[in-house]
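Scroll down for the structure; my scribbles are underneath it.
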Amino acid sequence: MALIHGGQLQQVAEQYQIPMSEWLDLSTGIAPISYPIPDIPLSAWQQLPQRSPELIAAAKQYYQCSALVVTNGSQAIIKALPELYRQQNSLAHNVYLPERGYKEHAHAWKTAGYQLHFYQTLLPDITTILPNSVLVVINPNNPTGQFFAPSVIKQYHEKICQLNGLLVLDEAFMDVMPSKQSYCPHLHRNNITDTISDSGHIMVLRSFGKFFGLAGIRIGFLIADNAWCERFNNLLGPWQVNGPAQVIAAQALNDSAWQTQQKSQLTALRKVQEKSLWQAFSQTLVSDIQGCDLFLTLRFHQAEHAEKIYHLLCQQGVYCRLADEQDTLRFGITTEKSLKRLINACTLAQKTISSG
Ligand SMILES: Cc1ncc(COP(=O)(O)O)c(C=O)c1O
């Protein structure tokens, strides 16, 4: 069964009987400012897409790595990985995953018959990880914003190598963190210790659409050793990514001036939005706001308030993401112009709750 994510505006608009064009959709963590679409040569539309050396070079430079696969979104890797991993390691049965996090990971491993072990805010106790296990880390986590520094990831990487397992790092939202925080540059260095070969025991997933505000073009990357890249290339086949999307992504990944500006704009918008949300909601209602520069997640003293506020906001045409657990709300970062509308709607929701 398909999982529910943010971005299902059509369905929500029907449910609340408000035309789609009238909604403020903050249900995803996609940047509200998009990379400007460049002129696209006619050949990119006319020809079957080929591997673009420009895109691959731009991506290697941007992610600071020496081997990668361009995919139709990192979701393509998430879905295909469990079966492919079974072919590499027939002893792999256990997967550790964050209890809260992008649910497609758990869904994929469960569907493939693996045994799931959920960890909470901290990574699983390193001494208890079973041999041949897979450890999935979403860094920073969506929706909790929990972040693990490269030094912590390195400890787990070493341990997973010793255990003949696989570390899957999902860095879909990493672009908004300081660049040193990504683990990508550590992948293709020499072995992490003198004695352990780390090759094949780690992969990083990167998502293009979120930071560049172009989720519709569906591009993602797998960063891994050559053997993993070859396996995925063979599995996914040709024409994974369409020609126009490759042209846009190559230009965007090369455009460091735009990236710097986007980062500082998102940081500024996030700060204002976080402050405004704290002002709109009383501290007796909201207990905590976490996230990153692409989304903010609100926790409530009483879990049931999340669902109530979700409905009160939807009634005003403001769509945020109610967690599957029904106890937190995630808001994408929005522009200054739309922030007013969001805050007015939140203030009204707060009043309704207080008077109820
Ligand atoms: C944490 C995380 N990883 C991966 C994805 C998949 O993104 P994409 O397929 O667009 O790269 C998402 C989508 O929302 C996500 O939240």
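Since we're looking at a predicted model, the values are computed, not measured. All ligand and atom numbering here is 1-based and tracks the order in the structure.
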Any Gly220 heavy atom less than 4.0 Å to ligand 1: no
Region of Ala172 engaging ligand 1 - heavy atom pairs below 4.0 Å: side chain
Ligand 1 contact on Lys210 by region, counting heavy-atom pairs under 4.0 Å: side chain
Ion pair check, Asp327 and Arg100, cut-off under 4.0 Å: yes
Proximity of Phe173 to ligand 1 by residue part, where a heavy atom lies under 4.0 Å: side chain
For Cys184 against Val204, the heavy-atom pair lying closest together: SG-CG1, 3.7 Å
Residue list, salt bridge (Lys or Arg N to Asp or Glu O under 4.0 Å) with Arg341, at least two apart or on another chain: none
Heavy-atom closest pair, residues Ala59 and Phe221: CB-CE2, 3.6 Å
Arg206 touching ligand 1 at heavy-atom level, < 4.0 angstrom: no
Residue and atom name of the nearest protein heavy atom (relative to atom 3 (N) of ligand 1), distance in Å to one decimal: Asp170 OD2, 2.6 Å
Point-to-point distance, once rounded to the nearest 0.5 Å, from CZ of Phe118 to OH of Tyr96: 13.0 Å
Ligand-side contact atoms (ligand 1) for residue partner Ser207, heavy atom cut-off under 4.0 Å: 7 (O), 8 (P), 10 (O), 11 (O)
cation_pi(Arg86, Tyr114) dist<6.0 Å, angle<=45: yes
Gap between atom OG1 of Thr28 and atom NZ of Lys210 - 0.5 Å precision: 8.0 Å
Check: Ser74 N/O within less than 3.5 Å of ligand 1 N/O: yes
Numbered atoms and elements of ligand 1 in range of Arg218, under 4.0 angstrom, heavy atoms: 8 (P), 9 (O), 10 (O)
